Number of protein chains: 4
Amino acid sequence: MIIRLDLQSEVPIYTQLKHTIIEGIAAKELAPGEALPSVRAMAADLGVNMHTVNKAYQALKQDGFIHIHRQKGVVVNPDGMPPNDDVFVERVQSDLRPLVTEAVCRGMSSEQFLQFCSELFAEFKE
Amino acid sequence: MIIRLDLQSEVPIYTQLKHTIIEGIAAKELAPGEALPSVRAMAADLGVNMHTVNKAYQALKQDGFIHIHRQKGVVVNPDGMPPNDDVFVERVQSDLRPLVTEAVCRGMSSEQFLQFCSELFAEFKE
Amino acid sequence: MIIRLDLQSEVPIYTQLKHTIIEGIAAKELAPGEALPSVRAMAADLGVNMHTVNKAYQALKQDGFIHIHRQKGVVVNPDGMPPNDDVFVERVQSDLRPLVTEAVCRGMSSEQFLQFCSELFAEFKE
Amino acid sequence: MIIRLDLQSEVPIYTQLKHTIIEGIAAKELAPGEALPSVRAMAADLGVNMHTVNKAYQALKQDGFIHIHRQKGVVVNPDGMPPNDDVFVERVQSDLRPLVTEAVCRGMSSEQFLQFCSELFAEFKE
DNA sequence: GTGGTCTAGACCACG
DNA sequence: GTGGTCTAGACCACG
């Protein structure tokens, strides 16, 4: 799994890393139960600090995407992913809102917007 | 136009304000050429720091949503909205990506996701 | 509010700080809406690192005991405390279990144990 | 005696093992003088590291719950359990304190809390 | 070896 | 000024 970070981005490195790992799971490059590099190994790989990786891992653990075992190290949650619950639905809706309103202002059609969404789903849903 | 800010949100207040104003334009509550309250007045209204309002206004000006005149004050861009250009398209796609990948992981169907997008467009496109 | 930390303790400093703040709320020394010292001020007061205080604050925020505002700084949750929910009930039960089993082994009577609990409640419930 | 470990728990495995063995003694599943599996056998049974079992056993020996003989192996202390001394009383009180203060904050009644304690004692005191 | 905790110190976004 | 992020480096508990 190739991880590319944009150190110049507004998006914090740990958030980028979190997103990339979730993307890796969505793309089935990372299977449930599969091990992730240790905090130190990942940090060395990416050339970032251990704590930055740890922050991403803790956030992923908090959300239920990964488990952090004392023994096995870090693994993708073998019991499946966190659910499509109300909290997530609300987050999707509130994250979409400013994107859609700006699209409306700029004259991007709903068709084009939906097309982008569909293409992304197609990229991950085999 | 009623502006509700969530002071506990992770989203910076100036970003929330920017989003709300863009939403106001999308909803046609704010028409091109229409005046917005001065930085000072808006700050007093919302009970937030003048710096915060100023930052939101500057960002909106930068993106072409509003004009800031010394005399006429702040107005919604009378010449129309900024375009649906490549930069925006790329931003939409890169903002949608982490949302869609997490949706895929959590088992939210593309149909449900697209439905949310459609509903948002329906809310603003009369 | 006087905070005493035991730097030699097995209990991490940030956990001790978390406990002390919860105790301060239980003792009504800290009222809902009341401000706590900033991360830096608290760290300077206690002679510990900013990050250690921040970790305690983040944990308290996560559990709903405090709010961290960009503007007002850190305040005791003005909307009241987190609820006595199932998760807490289970935590109480699972934390009590090893304590009670060892008490049984050592011949501490349930009367004495309950007495200790009652005294603690009496100390905080006015 | 069935030992269930939660490998995902925050509680160290050796602590969980220690707790379980003390619980076994409290439940009279393990009688004074009764043999426990060797470090090696226990580790194999539980699928954990020998170091982990050894650490639990050493801690139990330190506290006076078990004896470790070169020849006879590991046995529950035949001379009875460690006493209900001041050190234990202080530990009970200091362990109860953060639990009770959080219960007070969350609005758990002392009655409910005491009830949980009583139920646990009832489970072990026949 | 691995994650957890802690420190010291820096820069930046936010207000 | 305040919290958020990030780095570099250290020690320790756990396994």
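First the proteins, then the strands, lettered A, B, ... as listed; each starts at 1. These figures come from a predicted structure and were not determined experimentally.
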State whether T52(C) places a side-chain N or O below 4.0 Å from either non-bridging phosphate oxygen (OP1 or OP2) of dT7(E).
yes
Rounded to the nearest angstrom, tell me the gap between atom CD1 in I68(C) and atom C1' in dT5(F).
14 Å
Separation of dT5(E) atom C1' from K18(C) atom NZ, nearest Å, is 15 Å
5' precedence on DNA chain F between P12(A) and V39(C) (nearest-nucleotide basis)
V39(C)
Closest non-hydrogen contact found for L30(C) with I21(C) is CD1-O, 3.8 Å
Counting the atoms with a prime plus P, OP1 and OP2 as sugar-phosphate, which does V48(D) contact under 4.0 Å by heavy atoms, base, sugar-phosphate, or nothing?
nothing
Take the protein atom CG of D6(B) and the nucleotide atom C1' of dG15(E), then report the distance between them rounded to whole Å.
16 Å
Enumerate the protein-to-nucleotides 10-12 of chain E contacts in which both atoms are nitrogen or oxygen and the separation is below 3.5 Å.
none

What's the closest nucleotide to the side chain of I13(A) if the choices are dT2(E), dC6(F), dG15(F)?
dC6(F)
Separation of atom CD in Q8(D) from atom P in dC14(F), rounded to whole Å:
18 Å
What are the two closest heavy atoms between L99(B) and F88(A), and how far apart are they?
O-CZ, 4.2 Å
Stepwise side chain to side chain contact (heavy atoms under 4.5 Å, CB included) test for M50(A) and N54(A)
CA-CA 6 Å; M50(A) 189 196 79; N54(A) 192 245; 5.6 Å; no
Y14(B) and L17(B): side chain to side chain contact (heavy atoms under 4.5 Å, CB included), yes or no, with the steps?
CA-CA 5 Å; Y14(B) 87 93; L17(B) 181 52; 5.5 Å; no
Without decimals, in angstroms, what is the distance between L7(B) CG and dG15(E) C1'?
11 Å
With the side chain counted from C-beta on, respond yes when R40(B) and V53(B) share a heavy-atom pair under 4.5 Å apart, and no when they do not.
no
Among residues at least two apart in sequence or on other chains, which ones pass side-chain hydrogen bond (donor to acceptor under 3.5 Å, both in side chains) with K18(A)?
D63(A)
Among all residues two or more places apart in sequence or in another chain, which pass the ring pair (Phe, Tyr, Trp, His ring centres under 6.0 Å) test with H51(D)?
none
Ranking T15(B) and L36(A) by the position along DNA chain E of their nearest nucleotide, the one closer to 5' is L36(A)
Using five base pairs at each end, measure the axis-to-axis angle across the helix from dG1(E)-dC14(F) to dC14(E)-dG1(F) and round it to 10 degrees.
20°
After noting the C-alpha distance and the side-chain angles of D6(D) and V11(D), does the key distance pass the side chain to side chain contact (heavy atoms under 4.5 Å, CB included) rule?
CA-CA 8 Å; D6(D) 179 359; V11(D) 182; over 6 Å; no
Can you list the residues that meet the ring pair (Phe, Tyr, Trp, His ring centres under 6.0 Å) rule with H19(B), with sequence neighbours excluded?
none
Atom-to-atom span, NE2 of H67(C) to P of dG3(F) - whole angstrom
15 Å
Nearest-nucleotide wise, let me know which of Y14(D) and P37(C) is further upstream toward the 5' end of DNA chain F.
P37(C)
Heavy-atom pair with the smallest gap, counting every atom of D95(A) and P98(A)
O-CD, 3.4 Å
Where do I22(D) and C105(C) come nearest, in terms of heavy atoms and distance?
O-SG, 3.5 Å
Between E10(A) and R91(B) (salt bridge meaning N to carboxylate O under 4.0 Å), is one present in this structure?
no
Which residues, if any, of residues 53-66 of chain C bring a heavy atom under 4.0 Å of DNA chain F?
N54(C), Q58(C)
Whole-Å distance between dT2(E) C1' and N49(D) CG?
13 Å
In this structure, how many angstroms lie between the P atom of dG3(F) and the NE2 atom of H69(C), rounded?
13 Å
